[in-house]
Amino acid sequence: MNSAKRKVFGCDDIRKKILSYIPSRCKSCHQKMNLDKKYKETAYIGGYRDYEWRGTECVKLKGYCNWCYYYVFEYR
Ligand SMILES: [Zn+2]
């Protein structure tokens, strides 16, 4: 590998890291969020036992997880 190739690869790697880091963390508790799944707002009933639901980004408040929205901020 020559130095130019290595440089490009390095930048790409860093960019990927930044992109995957910033949007996947809750702005309040900084836990990693599951952005693939979306739960409807009514799913909060009993949802505190569901770790997958807790770690999913809230549909009503972008950038925050369901746990923070319903149990930390107590929005309903
Ligand atoms: Zn959170």
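In this structure, CG on Leu61 lies 10.0 Å from CG on Asn66, to the nearest 0.5 angstrom. The distance from the NZ atom of Lys32 to the OG atom of Ser24 is 5.5 Å, given to the nearest 0.5 Å. To the nearest 0.5 angstrom, Tyr71 atom OH is 9.0 Å from Arg54 atom CZ.
In terms of modelled atom types and a separation under 3.5 Å, the side chain of Asn34 and the main chain of Gly55 share no donor-acceptor contact.
Put simply, the residue from Tyr69, Phe73, Tyr70 that forms a ring-ring contact (aromatic ring centres under 6.0 Å, His included) with Tyr64 is Phe73.
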Could you go through the side chain to side chain contact (heavy atoms under 4.5 Å, CB included) check for Cys29 and Cys65 one step at a time? CA-CA 8 Å; Cys29 66; Cys65 67; 3.8 Å; yes
From CA spacing to verdict: side chain to side chain contact (heavy atoms under 4.5 Å, CB included), Met33, Arg25: CA-CA 5 Å; Met33 290 194 294; Arg25 297 245 172 197; over 6 Å; no
